[in-house]
A.B. asks: 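The structure's right below; bear with me while I get my questions together.
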Amino acid sequence: MERRKAYNRIYFCVIAFLLVALSVLGLLFGSVNISLSKLAEVILGRDTTSATYAILYSVRLPRVLASLLTGAGLGTAGVVLQSVLNNSLASSNTIGVNSGAGFFVMLSILLFPQNLAAKSLMAFIGAFATSAFILCLAYFAERSRVTIILAGVTISGFLVAAMNAMKIIDDDLVVNTLHFSIGSLSGVTMKNLLYPSIGIVTAITLALIFSKALNILTLGDGTAHSLGLNVNLYRIFFILISSALAGFVVSFSGLIGFVGLIIPHICRYFFRQDARLLLPASMLTGAVFVLAADLIGRVLFAPYEIPVGIILSLSGAPFFLYLLLRRGGKRVNA
Amino acid sequence: MLEFKNADINIGRNEILRDISVCFEKGRITSVIGPNGCGKTTLLQSLIGLSSVKKGSILLDGEDYFSYKPRERAKRLSFMSQFRENTPNITVAGLVEHGRFPHMGFARKMNADDRSAIERAIRLTGLYDERDIPACELSGGMQQRAYLAMQLAQECPYMVFDEPMNHLDFPAQREMYGLIKKLNRDGITIIIVLHDLNHALQISDNIVIMKNRAIEYTGTAKECLKTGIIEQVFNCRIHSFESGNEMQYLIG
C-alpha cells in the first residue's frame, strides 16, 4: 500500500514535469523556432514589439492553452462518463456527444458565422442534448451497458451524416470546417478560447469537488441509493459536467477523438477507480497527451502541419490496442 | 419499526405489488420467505429506489421513510442488494470506506469515528488480510463479505439483506448467520430475504411469508411452524427435532 502511494506520487511528479516541459517546448517550436532567451525576454516584458512577441502571444500561447484545455477537458469528461454510465467503453466520442456538439457547432457556423459565443453555447447545447437523449434511451429501453454504446454509435453515425449533408448544401462549409472535422488546434486565438476556458475550468473544478459522489455512483444504482446518494440528481449533474466539457472542447478544437476513451484507462491502471485521484490524473495526463501530439504535428514536417486529431488517432489507436492485449485477457476494468 | 402501509409497488410502469401492509418489528430478526417471483425483492427494493411506491406509505420509526433526506435515511437503514453492477476496481478497504459516505460531511474527510467503524467492519468480516486487494479481483463469496463490511461500516440501526447467502460456501454461511445474530444482540433490527427455510426458521424471531405477490402470513417463527403454513406454501413437509440447544429442521 505504501509502495503504491509512492508510485502514485512519482506518477504525479513525472506528469507535472512533462506538462511544464511540453508547454515550454510548445511555445518554442513550430514553423519558426524561438530560443529560450527570447522567450525569457518576452515573459519578463523586455520585448513587446518584435515579431517573436507577436508569434508567442497570438499563435503559440493560444495553441498551448488550447492543448491544455482540450486534453484536460476530454480526459476529465472520459472519467466522469465512464463512471456515471458504469461503462469502460464510454467516452464523449463513443456515446455520440462529440458528434452532437459538432453538429450544433456546424449549424452555428452556418447560421451565425461571426458569433463566437454562439459557437460555444451551441456546442454545449448539442453535447447536452445528445447526452440526455442517450441517457433517456438507455433508461427507458433497457438498463444495459451495451445499449448505451450501441445507441451512441448509431446517433453518432446519424449526426455525421447530417453534418455531411450540410456540407453538400453549403459548399463553403467544406473548406471552413475541414480542420474542424479532423480536430485541429491551428488558428485558435485567445478570443476563441475565452468562453470555452471559463466553462472547462468551472466544470473540472465541480467534478473534482464532487469526486466522492462519483465514486459512490460507480457502485451501481441500488448500492449508491442505499448509501444515501441522490442517484438521479447526481447522474444528471455529472452528465451536465461531461457535456459541458465535451461541448466546450469541441467548440474550438473540433472533433478530436480517443483522448476521452484512452486516458482514463491509462490512469485507472495506476489509480484504480478512485475518482479523487483518477480525475486529477486524467486531467493532467490528457493535457500532456494533447500537448505532445500537437507539438509532434507541428515539428514533424515543419513548416507543414499535421492536425492534432490525426496524430492522436494514429498514435492513440495502436497504443490502446497494446494496453488491451498486454493485460492478457484480463478484463479492462470498468 | 419499519412498516409498509397499503403500499402499491411498481417496477418501472409495471405494477408488481398491490395494497401491501406489513410490519417489521424493531430489535427483531424478520425473515421474508416465499417461492421465486412472489415479490420479496420488489417489496424491499422500494427502500433503495429500485422499485417505487405508487400508493400508500412506508414508515420508519413512525416517520415517512421518503421524507428523510437521502443521507439521513442512509444513517438509519442500510441495504445489501442481491443484484449488483460490476464491482469497481478499488481495494476492499476503499469499498468499506464507501460505507461511511452518509456520515461524512461535505468535505468527505474521515474522522476517528469513521476510521474505527471501518476497522471494526473489516475485523468482523475477517477481511483483514484482503484489505489492500482490489475488490473486483476477489471471488464471489469474498466480494459478498466485502459488501457486508461496507454495510457494517454504515452503522445503521436497521439492516436489510436481500439473499445475503448468495455465493457463500457453507462455513461462510455459518459465519454470516453468527454475525447477523450478533448484530441483532447488539440491538440492530434485521430484515432478511432467505431461500433456505431451515436457516430462516433457525435464525428468525418473526417470519413474513409471501405468495403470489401478496403477504400470506406474518408472525413469530414458532407460531408459523404450528400453523403449517410453510408446508402449504412450499408444498413440503417439515420435521423438527432438538439437537444440542438448538432446534433443527428437516425439510423434504
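A note on names: the letters A, B, ... follow the listed sequences, proteins ahead of strands, and every chain is numbered from 1.
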A.B. asks: What pair of heavy atoms forms the shortest contact from B:Thr91 to A:Arg272, and how long is it?
C.D. replies: CG2-NE, 4.0 Å
A.B. asks: So which of B:Arg131, B:Glu72, B:Lys75, B:Met150 has the biggest tally of heavy-atom pairs under 4.5 Å with chain A?
C.D. replies: B:Met150
A.B. asks: Are side-chain heavy atoms of B:His98 and A:Thr223 found at a separation under 4.5 Å?
C.D. replies: no
A.B. asks: Using non-hydrogen atoms only, which part of B:Met104 is less than 4.5 Å away from chain A: side chain, backbone, both, or neither?
C.D. replies: side chain
A.B. asks: Answer with side chain, backbone, both or neither: which region of A:Phe271 has an atom nearer than 4.5 Å to a non-hydrogen atom of chain B?
C.D. replies: neither
A.B. asks: Can you confirm whether B:Arg120 is buried at CZ, in the sense that more than 12 heavy atoms of other residues, nucleotides or ligands lie under 6.0 Å from that atom?
C.D. replies: no
A.B. asks: Which heavy-atom pair separates A:Ser226 from B:Gln154 by the least distance, and what is that distance?
C.D. replies: O-NE2, 2.9 Å
A.B. asks: Could you tell me whether B:Lys5 atom NZ has more than 12 heavy atoms of other residues or ligands within 6.0 Å of it?
C.D. replies: no
A.B. asks: Sub-3.5 Å donor-acceptor pair from the side chain of B:Gln45 to the main-chain atoms of A:Gly222, do we have one?
C.D. replies: no
A.B. asks: Closest approach of B:Phe101 and A:Ile216, non-hydrogen atoms and distance?
C.D. replies: CD1-CG1, 3.5 Å
A.B. asks: May I ask you to test the A:Leu219-B:Leu95 pair for a side-chain heavy-atom distance under 4.5 Å?
C.D. replies: yes
A.B. asks: Does any N or O in the side chain of B:Arg73 come within less than 3.5 Å of the main-chain N or O of A:His225, such that one atom is a donor and the other an acceptor?
C.D. replies: yes
A.B. asks: For a quick test of reading the model, state the closest non-hydrogen atom pair linking A:Leu227 to B:Gly99 and the distance between them.
C.D. replies: CD2-CA, 3.8 Å
A.B. asks: For chain B, find which of A:Ile209, A:Asn215, A:Val231 contributes the most heavy-atom pairs closer than 4.5 angstrom.
C.D. replies: A:Asn215
A.B. asks: Going from CZ on B:Arg71 to CG on A:Leu229, what distance comes out if it is rounded to the nearest 0.5 angstrom?
C.D. replies: 9.0 Å
A.B. asks: Please find the pair of heavy atoms, one from A:Asp274 and one from B:Ile90, that lie closest to each other, and give the distance.
C.D. replies: N-CG2, 4.3 Å
